[in-house]
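The block underneath contains the structure these notes are about, expressed in structure tokens.
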Amino acid sequence: MTPHSNTTQPVTALDSDVTLRSPGDLADALPYLLGYHPEDCIVIAGLYGARGRVIGRIRAALPADPAEWPLQADALAAALVSGGPVGPEPLTGAVVYLCPNADDPGTAREGMERLRPLAQLLRTACGAREIPVCEALFITDRRFWSYLCVRGGCCDADGTPLPEAGSTELAAASAVSGIRVQGTQRELEGRLRPLRGAAAARQIRELDAAARTLMPRLLGPEAAAVRQETLELARRLVSRLRRAPGPALVPAQRTAGGDHEQRPEKDRPARPDDRDDALITSDEAARMILGLQDLTLRDTLAEWMEGPDAAPALRLWRALARRCVAAYEGHAAPPLTLAGWVSWCAGDTVGARIALMKALETDPEYLFAALLHQAMNEGMDPEPLRRCMRGSAPSQGSDVASWGAL
């Protein structure tokens, strides 16, 4: 691959007949590859076969410390190669995307220049494994820059505007195929982000109180009784949410929630997540969060993956993840993983990936999240896991390790 002028090696998007011929085409394709507009991350799209089909892709958070960039670049290139061929087609190239945090200080161009060494490290790491990087792009605020552009006058110094949303051939093909962009990464992650302000302070008090009473019981002979109490509470909460239906898969920006008596702020409309938060008291959330640390109970609740329980259960898991605040943020792995599991079963792979990645950021050793994330990355259908859940009845005491590796 030689430095481009305004074209790149043609690649085929999403295993379709849409050919991407320019940096603008590749930049426009990124939200369709992921299902959302990414922020604060590195994405590497793998190109496969002679036609350069964009099939495999890897996403990772942007390391804040430049000292971490060499290790991150090497690890991502290794992960891309270790994924091997997709079907009969070998890995023949890659496209690198750098997507900054929208809140980063400085201008977009300054951000692009700051990350230029990282782009070079990623190119070098892929090249060392004989995977040529045919394009490396910095994308932010509906503009992009190419790190492979070396000819004067080739690209706008202030970046090149992305095509108008929905106006490209790929956008049309994606719409026909049922592929939709669900919003920004910030919006999707916001549904899982801990509460702030007065609601968070109230939740901390209830978590502290519940920990004083429940933890000795969970660690002693009363563990089974606590498990049953928490299961009954979960059933009541799911029933409550079912009677107050709201969109479960539509992204919404997170704001502070509260208890039954709390109302949304007057200067903004109510959102579905606000209404869900208002249906769950801080005491109920605290007891659920601590009870979910029990693996057997978590596996029992993972059975609520389909049928009428699935949608309200997903709303409950998201609400509980938002209630894991301050010193209790580490308790979010179980509800985040359950949210990812139910989302995957519902066909929302974007929501599932976001939730599972958040779970693994919270606890990199959390086995259930790691197994589900690996299964999704390998393109596995969730139905075999669902059948296993139905047949092996984790509610009778089996551990996820007995079925999650299938």
Side-chain angles (χ1 to χ4, degrees), residues 23-24 26-45 57-77 79 94-126 133 135-150 155-165 181-197 251-256 322 329 350 353-355 357-358 360-362 364:
L26 290 170
D28 177 67
L30 182 58
Y32 299 100
L33 298 177
L34 298 176
Y36 59 92
H37 295 278
E39 298 174 323
D40 197 25
C41 68
I42 305 165
V43 179
I44 304 181
R57 43 212 172 263
I58 295 173
R59 176 197 174 279
L62 269 171
D65 185 356
E68 299 177 13
W69 291 356
L71 286 176
Q72 180 76 304
D74 193 66
L76 290 175
V95 178
V96 168
Y97 298 92
L98 299 182
C99 307
N101 189 321
D103 294 331
D104 283 349
T107 66
R109 181 175 178 80
E110 288 170 346
M112 181 272 294
E113 292 295 350
R114 185 179 72 85
L115 295 180
R116 185 181 292 277
L118 175 57
Q120 184 57 41
L121 287 167
L122 289 162
R123 293 178 61 195
T124 301
C126 289
V133 173
E135 187 57 84
L137 300 170
F138 177 91
I139 304 176
T140 185
D141 195 26
R142 299 295 303 169
R143 302 183 76 82
F144 71 90
W145 286 258
S146 170
Y147 288 112
L148 270 62
C149 182
V150 295
C155 298
D156 191 328
D158 294 322
T160 303
L162 286 167
E164 184 178 350
V181 179
Q182 294 193 26
T184 68
Q185 180 178 338
R186 178 174 299 190
E187 288 170 342
L188 292 169
E189 291 182 342
R191 305 198 71 175
L192 308 170
R193 198 167 293 133
L195 301 180
R196 297 190 298 268
Q253 182 71 34
R254 219 7 259 140
T255 55
R322 295 190 291 271
E329 287 191 23
V350 172
R353 288 184 189 279
I354 291 287
M357 286 189 295
K358 294 289 287 183
L360 291 171
E361 288 173 9
T362 300

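Atoms considered below: every heavy atom in the structure, side chains included; atoms not considered: hydrogens, waters and symmetry mates. What you see is a predicted model, and the numbers here were worked out from it, not measured in a lab.
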Query - Worked check of side-chain contact (heavy atoms from CB on, under 4.5 Å) between E39 and E187 - result: CA-CA 10 Å; E39 298 174 323; E187 288 170 342; over 6 Å; no
Query raised in the report: What do the steps show when you test E110 against R114 for salt bridge (Lys or Arg N to Asp or Glu O under 4.0 Å), and what is the final call?
Result: CA-CA 6 Å; E110 288 170 346; R114 185 179 72 85; over 6 Å; no
Query raised in the report: For F144, which residues count as a ring pair (Phe, Tyr, Trp, His ring centres under 6.0 Å) partner, sequence neighbours excluded?
Result: none
Requested in this report: Taking all heavy atoms of L33 and all of A45, pick out the closest pair and write down the distance.
Outcome: CD1-CB, 4.3 Å
Report task. Spell out, as yes or no, whether a donor-acceptor pair under 3.5 Å connects the side chain of R142 to the backbone of P161. Result -> no
Query raised in the report: Of T160, I139, T140, L137, which is the lone residue that meets side chain to side chain contact (heavy atoms under 4.5 Å, CB included) with W145?
Result: T140
Report task. Please examine the side chains of L76 and C126, heavy atoms only from C-beta on, and report whether any two atoms are closer than 4.5 Å. Result -> no
Requested in this report: Measure the shortest side-chain to side-chain distance between R59 and V43 over non-hydrogen atoms and say whether it is less than 4.5 angstrom.
Outcome: yes
**Report entry** Gap between atom CG of L192 and atom CE of M357 - 0.5 Å precision
**Finding:** 10.5 Å
Query raised in the report: So, does R143 use its side chain to make a donor-acceptor pair with the main chain of D158 at under 3.5 Å?
Result: yes
Report task. Would you name the heavy atoms of Y97 and L26 that are closest together and state the gap between them? Result -> OH-O, 2.8 Å
Query raised in the report: What pair of heavy atoms forms the shortest contact from L30 to C99, and how long is it?
Result: CD2-SG, 3.6 Å
**Report entry** Contact summary for L62 and L118, nearest pair of heavy atoms
**Finding:** CD2-CD2, 3.5 Å
Query - Check: T362/E329 side-chain N/O donor and acceptor closer than 3.5 Å - result: no
Report summary line: Closest heavy-atom pair, F138 versus P100, reported as atoms and distance to 0.1 Å, is CZ-CG, 3.4 Å
Query raised in the report: How close do Y147 and A119 get, heavy atom to heavy atom, and via which atoms?
Result: CD1-CB, 3.4 Å
Query raised in the report: Would you call D40 and E189 a side-chain contact if the rule is heavy atoms closer than 4.5 Å?
Result: no
**Report entry** Gap separating the CG atom of L115 from the CG atom of L121, nearest 0.5 angstrom
**Finding:** 11.0 Å
Query raised in the report: In Å and rounded to the nearest 0.5 Å, what is the NE2 to CZ distance from H37 to R186?
Result: 13.5 Å
Query raised in the report: Is there a side-chain contact between L122 and L98 (heavy atoms, below 4.5 Å)?
Result: yes
